[in-house]
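Only one structure is covered here, and it is reproduced in the block below.
Residue numbers count from 1 along this sequence. Whatever order the structure lists them in is the order used to number ligands and atoms, beginning at 1.
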Amino acid sequence: MDLAFDPSSSGFVADPYPAYTELRARGRVHWYEPTRQFLVPHHADVSALLRDRRLGRAYPERPVPPAWQEPFHTLNDHGMLDLEPPDHTRIRRLVSKAFTPRTVERLAPYVQGLADELVDRLVADGGGDLVAAVAEPLPVAVIAQMLGVPEEDRPALRPWSADICGMYELNPSEEAARRAVRASAEFSAYLRELIAARRATPGDDLISGLIAVDLGEQEMVSTCALLLNAGHEATVNATVNGWWALFQHPEALAALRADPALLPTAVEELLRYDTPLQLFERWVLEDIEVDGVPIPRGAEVALLFGSANRDPAVFADPDTLDLTRRDNPHISFGAGIHYCLGAPLARLELTATLSALLTRAPSLTLAATPRRKPGFVLRGLESLPVTV
Ligand code: HEM
């Protein structure tokens with residue numbers, strides 16, 4: 001039987017949730033021939049497999065990518081997201097010192113000030129595109145500031161990240177792969193220079209901090225690239241997916257405007273309701289079985305976060321946006337050893353932006369239908385036109 005799951009269809013990308021409902025009803029594991037992966041749609045299985053050490057992000061015998069893709073793979077494969085213990089543990093321990101809840105809390109006044117400033121500018125302009133005016137500049141500025149990327153270099157970060165992230169889609173086209181390779185080469189060269197400059201003149205930033213510890217040169221470059229990309233890409237999408245959901249549920253938006261005490265549960269519910277990262281992959285390192293289906297070593301599983309977040313076995317009325325939802329173990333930040341290192345920072349940024357928009361742009365209204373990004377894995381909007 002054909003599956004409704006079809007990331008190449010724009011209808012599916014616009015709203016994958018009905019197809020997930022069908023997938024979950026049909027079973028716990030589905031072989032998907034176009035990408036030769038096992039799809040896993042249930043919350044309990046996604047959560048268990050993320051924690052299962054018989055699966056991993058790195059698989060030594062994976063098919064060798066074409067040589068021209070080397071700049072992308074060198075950059076990607078040395079970042080902690082694509083490493084396994086002991087390298088993963090070592091690098092994560094070093095970097096996580098900069099992302100403890102306490103360190104992040106100290107950033108709160110700066111992040112809120114930035115959010116307020118961006119929203120005030122949007123209001124002074126009489127509206128505009130929420131993506132370009134607020135959702136993008138805030139997380140880019142925050143992570144660039146933390147790493148010490150000079151202000152004049154920051155405009156290049158978005159296009160580099162977007163091009164590199166093209167490789168995280170299922171079956172990227174050759175054109176997308178070439179763009180990712182070019183961006184990886186440029187971004188790596190840029191970071192090498194920046195790291196050399198910080199080595200010569202250390203500052204009070206995360207790159208200077210990482211230089212002081214014992215990371216190899218490529219590990220430094222890949223760690224900085226991962227932090228800069230992961231540090232904004234999903235936050236941009238979470239912000240706009242959240243506002244798109246609120247605009248489609250005016251009663252929920254009105255309730256939130258009337259009662260800012262809903263903010264903490266609202267942020268979690270928006271992250272659950274329209275999941276910014278829809279899928280993560282794992283290699284099977286030792287034979288496993290899910291629901292009696294054998295999945296052999298060397299196979300790849302695609303864990304469907306967007307589906308897990310709508311699983312009725314875990315969430316009451318999963319297709320309802322409920323900003324008061326308290327029992328909300330969504331999986332948007334992952335689980336297990338790769339659990340999002342930036343989750344406290346992402347929550348801080350999402351809360352600051354949401355609260356600034358609610359209070360400083362109280363009449364914020366959708367001005368036109370937004371344009372959706374074509375990708376399925378990184379789910380977001382190109383633009384979200386608003387009036388104030
Ligand atoms: C709403 C925003 C965000 C979402 C939804 C998100 C989601 C995720 C998810 C699902 C993973 C795990 C992927 C996997 O298991 O394969 C992850 C890992 C990671 N995230 Fe985030 N993230 C967000 C924001 C951030 C921010 C602001 C940072 C800041 C630095 C960040 C840094 C990282 C890093 C470094 C990892 C790799 C951790 C590891 O491999 O141990 N993320 N993120």
Side-chain angles (χ1 to χ4, degrees), residues 40 46-53 55-58 76-101 103-104 107 111 135-136 138-147 149 157 161 165 168 206-207 210 219 222-242 267-283 300-306 308-309 330-354 377-380:
V40 178
V46 171
S47 177
L49 293 178
L50 282 171
R51 294 173 166 91
D52 192 329
R53 300 305 306 132
L55 290 88
R57 298 271 312 176
N76 193 63
D77 296 357
H78 292 84
M80 79 182 96
L81 187 50
D82 282 82
L83 293 172
E84 290 296 308
D87 291 329
H88 173 266
T89 325
R90 174 175 52 86
I91 298 179
R92 178 154 176 140
R93 196 172 292 144
L94 293 172
V95 179
S96 57
K97 293 200 181 95
F99 289 93
T100 61
T103 325
V104 168
L107 288 172
V111 174
E136 265 182 14
L138 181 112
V140 172
V142 172
I143 196 69
Q145 181 74 22
M146 286 180 83
L147 269 91
V149 174
L157 295 177
S161 174
C165 286
Y168 304 136
L206 187 52
I207 295 188
L210 288 173
E219 285 175 348
S222 296
T223 300
C224 293
L226 174 67
L227 290 173
L228 286 166
N229 290 352
H232 78 266
E233 199 64 54
T235 318
V236 176
N237 291 337
T239 305
V240 290
N241 292 348
V267 166
E268 299 307 312
E269 177 66 348
L270 294 169
L271 280 165
R272 178 196 75 85
Y273 184 78
D274 201 6
T275 311
L277 297 163
Q278 290 277 315
L279 171 155
F280 272 94
E281 291 156 344
R282 290 291 186 272
W283 292 101
E300 235 187 338
V301 294
L303 307 173
L304 299 175
F305 286 26
N309 279 342
H330 68 71
I331 205 125
S332 297
F333 289 119
I337 65 165
H338 294 286
Y339 178 82
C340 180
L341 185 70
L345 178 61
R347 288 189 162 111
L348 172 68
E349 292 177 344
L350 294 172
T351 308
T353 310
L354 195 52
V377 175
L378 284 95
R379 177 170 179 76

Is the shortest side-chain heavy-atom distance between Tyr168 and Asn76 below 4.5 Å?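 Result yes, sub-4.5 Å side-chain heavy-atom pair found.
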(message) If you define the side chain from C-beta out and look only at heavy atoms, does anything of His338 sit under 4.5 Å from Leu50?
(response)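 Answer no - side chains too far apart.
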Measuring from [X]:[atom1] to [Y]:[atom2], what's the distance to the nearest 0.5 Å?
X: Cys224; Y: Glu219; atom1: SG; atom2: CD; result: 11.5 Å
X: Asp274; Y: Arg379; atom1: CG; atom2: CZ; result: 4.0 Å
X: Ile331; Y: Phe305; atom1: CD1; atom2: CZ; result: 6.0 Å
X: Glu268; Y: Phe333; atom1: CD; atom2: CZ; result: 6.5 Å
X: Leu107; Y: Met146; atom1: CG; atom2: CE; result: 5.0 Å
X: Leu157; Y: Leu228; atom1: CG; atom2: CG; result: 5.5 Å

Other residues, nucleotides and ligands only: do more than 12 of their heavy atoms fall within 6.0 Å of CZ on Arg93?
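12 or below, so no.
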Side chain or backbone, does Tyr339 bring an N or O within less than 3.5 Å of an N or O on ligand 1?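 It does not: no N or O of Tyr339 is found under 3.5 Å from an N or O of ligand 1.
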(message) Between ligand 1 and Ser332, is the shortest N or O to N or O distance under 3.5 Å?
(response)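 Min N/O separation from ligand 1 is not below 3.5 Å for Ser332.
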Requested in this report: Measure across Ile143 and Leu227 and return the closest heavy-atom pair with its distance rounded to 0.1 Å.
Outcome: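 In terms of heavy atoms, the two residues are closest at CG1-O, 3.4 Å.
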Mode of [X] contact toward ligand 1 - side chain, backbone, both, neither (heavy atoms, under 4.0 Å):
X: Ile337; value: backbone
X: Arg92; value: side chain
X: Leu277; value: side chain

Using a strict 4.0 Å cut-off to heavy atoms of [X], name the atoms of ligand 1 that fall inside it.
X: Phe99; answer: 29 (C), 30 (C)
X: Arg57; answer: 16 (O)
X: Phe305; answer: 10 (C)
X: Pro276; answer: 5 (C)
X: Ala238; answer: 1 (C)

Please write down residue, atom name and distance for the protein heavy atom closest to atom 16 (O) of ligand 1.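 Going atom by atom, the protein heavy atom closest to atom 16 (O) of ligand 1 ends up being Arg282 NH1, 2.9 Å.
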In the protein, what heavy atom is nearest to atom 12 (C) of ligand 1, and what distance, to one decimal place, separates them?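 Sorting protein heavy atoms by distance from atom 12 (C) of ligand 1 puts His338 O, 3.3 Å first.
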### Task
Taking 2.8 Å as the upper limit, name the protein N, O or S atoms near atom 21 (Fe) of ligand 1.
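The answer is Cys340 SG.
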Point to revise | Test applied, side chain to side chain contact (heavy atoms under 4.5 Å, CB included); reference residue, Val236; option that passes from Pro276, Pro139, Ser161 | key: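 With Val236 as partner, Pro276, Pro139, Ser161 yield a single side chain to side chain contact (heavy atoms under 4.5 Å, CB included), made by Pro139.
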Item to complete: Using non-hydrogen atoms of the residue, decide whether His88 is closer than 4.0 angstrom to ligand 1.
Response: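 Heavy atoms of His88 do come under 4.0 Å of ligand 1.
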Handout entry: Sub-4.0 Å heavy-atom contact, His232 with ligand 1
Key =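 Per 4.0 Å heavy-atom rule, His232 does not contact ligand 1.
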request  = For the pair Asn309 (side chain) and Thr275 (backbone), establish whether a donor and an acceptor sit closer than 3.5 Å, ignoring hydrogens and angles.
outcome  =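 Not a single qualifying donor-acceptor pair exists.
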message: Is it the case that the side chains of Thr351 and Arg347 hold a donor-acceptor pair, with the cut-off being a distance below 3.5 Å and no angle test?
response: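 Looking only at side-chain atoms, Thr351 and Arg347 do not form any donor-acceptor pair under 3.5 Å.
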